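Let me begin by presenting the structure, written as C-alpha cells, before commenting on it.
FYI, side chains are in, hydrogens and waters are out, and symmetry mates aren't considered; it's all heavy atoms of this structure. Chain letters run A, B, ... following the sequence lines, proteins first and then strands; every chain starts at 1. The structure presented is a predicted model; accordingly, all values stated were derived computationally and were not measured.
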Number of protein chains: 2
Amino acid sequence: MPATIREVARKADVSVATVSRVLNGSDSVRPATREHVLETAQALQYIPNETARSLSQKQTRTVGVLLPDMHGQFFAQVIQGIEEQAQAQNYHVLVSSSHSEEEEARTMIRAMLGRVDGLVIMWPKSRVPFLSETIPKGLPTILLNAPAVEGASFALNFDNRRGARNVVRHLIEHGHRRIAMLAGASENHDARERLAGYRSALEEADLAADDDYVIGGDFTRESGYEAARRVLALSPSPTALFAANDSMAIGALRGLQEEDVRVPDDLALAGFDDIPTARFMMPGLTTAHVPMRRLGERAFEHLLAVLSGEAPDDGGAETLATELIRRTSCGCPPS
Amino acid sequence: MPATIREVARKADVSVATVSRVLNGSDSVRPATREHVLETAQALQYIPNETARSLSQKQTRTVGVLLPDMHGQFFAQVIQGIEEQAQAQNYHVLVSSSHSEEEEARTMIRAMLGRVDGLVIMWPKSRVPFLSETIPKGLPTILLNAPAVEGASFALNFDNRRGARNVVRHLIEHGHRRIAMLAGASENHDARERLAGYRSALEEADLAADDDYVIGGDFTRESGYEAARRVLALSPSPTALFAANDSMAIGALRGLQEEDVRVPDDLALAGFDDIPTARFMMPGLTTAHVPMRRLGERAFEHLLAVLSGEAPDDGGAETLATELIRRTSCGCPPS
DNA sequence: CTGTTAGCGCGTTCAC
DNA sequence: GTGAACGCGCTAACAG
C-alpha cells in the first residue's frame, strides 16, 4: 500500500540509489536533485520500510529488554531510562516481561533473537545459567541486578551492600542496638546483598546478629504487612526495623500502625529503594535511594558502546551508588 | 554469523523450500525428510532471521505502544497487559514514551512506522489532532483514554464519569454534604470526566456545586500535597474530599496528617484508580478500581482482531467499568 | 554526481 | 513430495 523507494525514483526520474542517498543524508547529491527527490517523496508520503533497511544493513537498531514480573515501579523507570537514551540515538526498544521463570525467560529471549541488536536483561535471581545456552555468541548483552557476568557483555548493579550498611549504620547512630531486618527472598541477589550489608553494619558496631531478628519476606507490600506481626512477637523487642525494600517497609508500616505501634517512637523503620511514595508515607520513610532510571540509561549507553565497538564485549561490570535519604521514620527530625 | 536457511538446506541436502516448509510446520513433507531437516537445523543452531521473514511476509508481528510520560504504576500495568497477550499470540511490543508533547508524539509515531503492524496510543489530552495527519491510512490504531475516535480503529476508555459519581455518592451516603474535589489538569480527558461525575452526583443529591470547592491539581502526589492546605482554608470547611486520582489523594493525605487533620474523622477522603499502595495507606484509601492491566489486554485483543480482519477498522469504542473499593478513609469501618 | 546491479534471508508460486 | 527461481524494499559497491 505505501509507496516504495522505486516509485519515488520513477516519479522523480532518478535511480533508487539517488533516492536512497538523499534520504540517508549522506553522500554527495546535486542540491537541485536532492530537493526534487525530497519533494516527490513528500508528495508520495513515502515512508522507508524499516524492515527492508534492517535486512540489508544487518542491524535492526532495536534493543530487547527483558524484565522480571514484579518490580512495578521499577519497570517503568528502568524502561524509561533505556527508552530515553534509545530514542536519542534513533534506536527502538522491544520489551518483554518474563515471569521470573527460567524457561519463560528463555522463550522470550529466543523470540527476540533476530529482531534485536542487543539485549538488556534484569535477572535478580541467583542462578544465571541460561545466558550462554540461550543467547548466541556475539549478541551483546547487558545484565542488570544479577550476581554473575558469565556470558554477558557487561553487568550493572546497585551498591546494595554498602547502601544497606549505611542505612543500618544510621539506625545505630540513632542509638538502636536491637535492629531487626525484614529480608527479601533468599534467591534474590539484591536481597542477599542487602542482608549482607545489614550484617556487616551490625558486626562493625559489635552488635550481635541474631538470626531470629532476620525475618523472611518477598519484596511485596503484603509480605511486609504480615511480617509486622512477627516483628512484634520478637523477644527482646527490637527498637528498629530495616526492610530490604520500600514496598515491604510500607506494608510493615501499615501493619505496625494497625497495632498502634508508633513509628519511629516505639519502633524506628527504614527501607530501601526510595520509591516515589516513600516520601509521602506518614511518617516519611527513611531509605536508600536507588537510581533506577539511571540504571536504564547506563544499560543502553553501554550497550551502544559495545555495539559500536567502543567498548569490549567481554564482561566488565559497574556498580551504581545508592544514597541514604533521611526522613522521619528513623527518628530524624522533620526537615 | 548465524546460520541461514541456505546453509541448513545444503547441509541437509534438500532445497531451501523444504527447510522452510518443515520449519513453518505447514505443508506436506515426508516424515523422514522433516526429521532430517530438523536435526541439521538443530545441529547448526539455526535461528530464522525474523527481519527477513517480516520483509517477505509483509508483516512484522509487532505492535507499537505509545504512552504518556506520567510515570507510575500505570505504565507498567498497561504494558504488561499488552505484552502478555502479545506474547501469547507470538507478537512483539515496541514501546516508546512520549512526554505528552504533541510534536514528540508525532516523532515517535513516525519512528515506529514501518516497524509495526499496529499501534496502541494512550493520549489523555483533550486534543487528539495528530492522528490522521501522522498515521498512514490502513495502520490499525487503538486509542486509550482519549476523548475522540477520529482516525482511530477503536477507542478504549474507563467509565470515569460513572466511577466518580459512585465514589461521590458513597461519600454522600456517609452523610457528607460539603464535598470538595481535587481535580486533575483540565486538558486531561480522564480528569474532566471524573470532575463531571463529581458534579452529577452532587446535582443528583441536590447539593450545591460550589466552584470554590473544586481545587486544581495535576495528578501528581506533590500537587495533592500542596492542595491539602488549600482545602483546609476553604470556608465553610468541607467534610469530605474526593481526589481525581490516588496519587493526589496520597499527597493530600500526607499534607492533612501533617496538619493534624484526622482522616476520616475530621475529613473523609477518597481517590480514584486503586493503585497498589492505596490499600496500604493509613487509613486505607477508598477509591474506584480501574482495570489498568485489562485495558492493555483489551487493547491488544482488539488490535489483533482488526489485524486479522475479524473486526472493522472504522472507529468503534468500548468502556471498561470501574468498581468502588470501600476502605476506611471514607469513614467505612475496617473490614 | 548518478545509474546498474547484486545481494540481505526468507516465503512462495510453479513446475517437475 | 520436492526444487528452482522470483520478489519483498532497501543499501552498497562498482561503473560511468
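For B/Arg10 and D/dG3, the CZ to P distance is 15 Å, given to the nearest whole Å. Between the CZ atom of B/Arg34 and the C1' atom of D/dT2 there is a distance of 13 Å, rounded to whole Å. The nearest whole Å value for the distance from the CD atom in A/Glu7 to the P atom in D/dG9 is 8 Å. One atom, NE2 of B/His36, and another, C1' of D/dG1, lie 16 Å apart when rounded to the nearest Å.
A side-chain contact (heavy atoms from CB on, under 4.5 Å) with B/Arg115 is found for one member of A/Asn49, A/Thr62, A/Leu94 and no other, namely A/Thr62.
A/Pro68 and A/Met122 get closest at one heavy-atom pair: CD-O, 3.5 Å. B/Glu193 approaches B/Asn160 most closely through the heavy-atom pair CB-CB, 3.5 Å.
Close to D/dG9, at under 4.0 Å from its OP1 or OP2, lies a side-chain N or O of B/Lys58.
For A/Ser15, taking side-chain heavy atoms from C-beta onward, the closest of the listed nucleotides C/dG3, D/dG3, D/dT2 is C/dG3. Here the nucleotide nearest the side chain of A/Thr18, chosen from C/dG3, D/dG3, C/dC1, is C/dG3.
B/Gln57 CD: more than 12 foreign heavy atoms inside a 6.0 Å radius.
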If a protein heavy atom is under 4.0 Å from the base, mark B; if only from the sugar-phosphate, S; if neither, -; do that for nucleotides 10-16 of chain D going 5' to 3'.
-> BSBB---
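Within the 4.0 angstrom heavy-atom criterion, only backbone atoms of the sugar-phosphate kind lie near A/Thr33; the bases stay farther away.
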A/Arg53 vs A/Asn24, side chain to side chain donor-acceptor pair (under 3.5 Å): CA-CA, chis, key distance, verdict = CA-CA 11 Å; A/Arg53 301 189 74 206; A/Asn24 293 314; 2.9 Å; yes
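In this structure, CZ on A/Phe154 lies 10.0 Å from CD on A/Glu301, to the nearest 0.5 angstrom.
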